[in-house]
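Notes for the one structure printed next.
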Amino acid sequence: MKINNFFESFLKKDSFFMNKAALMPAYMPSAVVYREEQLQEVANILAPALRLEKPSNLFIYGKTGTGKTLAVKHVLESMNEIAVKNKIKLKTVYINCKLKRVADTEYRLVAQLIKDFGQDVPSTGLPTDELYNLFYQLLDNEEQLLLLVLDEIDHLTKKIGDGVLYNFTRINAELKKAQICLLGISNNLIFAENLDPRVRSSLSEEEIVFPPYNALQIQDILRKRADTAFKEGAVQSGVIEKCSAYAAREHGDARRAIDLLRVAGEVAERSGAAEVGIIHLDEAERKIESDKIINAATSQPKQFQLVLYAIFLISPQKKNIFTGEIYELYKSLCTRSKFNVLTQRRVSDILAELDMLGIINAKIISKGRYGRTREVALAIEETVLFKLKEILEKSLNLSS
DNA sequence: AGGTATTCACATGAAACTATTCTCTGAGTTAGG
DNA sequence: TAACTCAGAGAATAGTTTCATGTGAATACCTGT
């Protein structure tokens, strides 16, 4: 009954949101603003594709939330439109290499490509070169040009090296009828430096850098999104300004600003406030931070959680913890709760990964005569720590 | 005192192994003609 | 004889282990003054 009442009043109370999708990460606005220059450049470079001449391979750099993906998708879309209208055999494929279990290995990348050509391949069991062969056949059975966008390409090479890219750059030589043009997108500005020189030179025949947005631009972007997302008058004045100031201070990350605004809206709505105010922004920022960390921690495998839990246990007494101490405690935790014990080698890697996730701060120090080790400290707030600790205890079902 | 050499406690790298998931193949089995 | 079943071989992948090598600076050990 109580629940019923709750839903009733939930329905009656009208939401701030008109179209929340406009603040979701997947949203594609109809126009890209403040990226005209880059947009034009991309278009210039890719335009020959419409005449079925292979454009230069293109490489796009820029930090997160600078509109790279958006701009490229826009260009692709309009090229597709024109290609369809004029019956040009141009095919564009967009692949995000970061997506786990979709395109984060060589095999899966090619499998994904084949899928885009309308064929299905098993997720495992076949040799990789068979996939390549199938892909060649599909591609080469008619005269066409493939525009292949590899988003977050740095993740791919970090994980499996640049051999794949080398293969792709060489494909053209083997194709008879079709042509393939590569377009890489990377968040990492120095990504190409540790790439095979051959790959680098052929991959980045052209390069475009996307600069961060400045505060005013973010503000404008934000306001446009907010206009579609929120109902009239739902957002207090000053909120958008503050929100964009936050994001600009970081590094001009528009996505973060948009997330922040959406979460602030949700927070405000849940707390029953009359409109979205500046207080909600602060809370939203905290919530995003803590959600991110809790999410990261709980989605890790059990062994990671055990290591993390060991750190939790030691941290109240000591500020700087060393690998050895963590490992000892971890070992006893394992035996006590009947998990198998991993080697110190592995735990060392796990610590490095926890550091990457931003859950701990690990610094490698030398204690001179007393060896070299990681100096580990927790990187999370008290409140989050408590919550996380509880969750871990439950999921590992150990207490005390 | 000043300079080298040691030494610790891990870090870092490479290769190999394990378990799981999946396909493909061919031998053996079954059922229908 | 065609269709079916099922075990075994081969792949891809994630997570580890094993073995080998690297490393920064506090100490131990010299050395000459």
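Lettering of chains follows the sequences in order, A, B, ..., and the numbering in each one begins at 1.
A:Lys100 has no side-chain polar atom (N or O) that falls below the 4.0 Å cut-off from OP1 or OP2 of C:dA14. At least one side-chain nitrogen or oxygen of A:Thr323 sits closer than 4.0 Å to the OP1 or OP2 atom of B:dA11. OP1 or OP2 of B:dC10 has not a single side-chain nitrogen or oxygen of A:Ser348 nearer than 4.0 Å. Within the 4.0 Å cut-off from OP1 or OP2 of B:dA11, at least one side-chain nitrogen or oxygen of A:Arg374 is found. Residue A:Thr128 places at least one side-chain N or O closer than 4.0 Å to OP1 or OP2 of C:dA12.
Residue contacts shown for A:Lys302 are absent, as no nucleic acid heavy atom lies under 4.0 Å away. Contact annotation for A:Val341: backbone-only contact, meaning every heavy-atom pair under 4.0 Å involves sugar-phosphate atoms and none involves a base. In this structure, A:Glu106 reaches neither bases nor backbone, as no heavy-atom distance under 4.0 Å exists between it and the strands shown.
Rounded to an integer number of Å, the gap from CZ of A:Arg101 to P of B:dT21 is 11 Å. Rounded to whole Å, the distance from CD1 on A:Ile160 to C1' on C:dG15 is 17 Å. We find that CD of A:Glu353 is positioned 14 Å from P of B:dA11, with the value rounded to whole Å. Atoms CD (A:Gln344) and C1' (C:dT18) sit 14 Å apart, rounded to a whole Å. One can place CZ of A:Phe322 at 14 Å from C1' of C:dA25, the figure rounded to the nearest angstrom. Rounded to an integer number of Å, the gap from CG of A:Leu131 to P of C:dG10 is 19 Å. Atom OH of A:Tyr370 is separated from atom P of B:dT7 by 14 Å (rounded to the nearest Å). If you take NZ of A:Lys159 and C1' of C:dA12, they are 11 Å apart, rounded to a whole angstrom.
Residue A:Arg369 has its side chain nearest to B:dT7 when only B:dT23, C:dA12, B:dT7 are considered.
Closest-nucleotide positions on DNA chain C for A:Arg108 and A:Thr124 were compared, and the one nearer the 5' end corresponds to A:Thr124. Between A:Thr105 and A:Lys367, the one whose closest nucleotide on DNA chain C sits nearer the 5' end is A:Thr105.
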Start with the C-alpha distance between A:Tyr166 and A:Phe168, add both sets of side-chain angles, then the distance that settles ring-ring contact (aromatic ring centres under 6.0 Å, His included), and finish with yes or no. CA-CA 5 Å; A:Tyr166 184 63; A:Phe168 275 109; over 10 Å; no
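In this structure, A:Phe17 has its ring center under 6.0 Å from that of A:Phe230. In summary, the aromatic rings of A:Tyr330 and A:Tyr309 are positioned with their centroids too far apart to meet the 6.0 Å limit.
Counting atom types as modelled, A:Arg346 pairs no side-chain N or O with a base atom of C:dT16 as donor and acceptor under 3.5 Å. Between the side chain of A:Arg345 and the base of B:dG13, a donor-acceptor pair under 3.5 Å is found.
No more than 12 heavy atoms of other residues, nucleotides or ligands sit less than 6.0 Å from atom NZ of A:Lys63.
A salt bridge links A:Asp259 to A:Arg262: at least one charged side-chain nitrogen sits closer than 4.0 Å to a carboxylate oxygen.
A cation-pi arrangement is present between A:Lys73 and A:Tyr94, with the terminal nitrogen or guanidinium carbon under 6.0 Å from the aromatic centre and inside a 45° cone about the axis.
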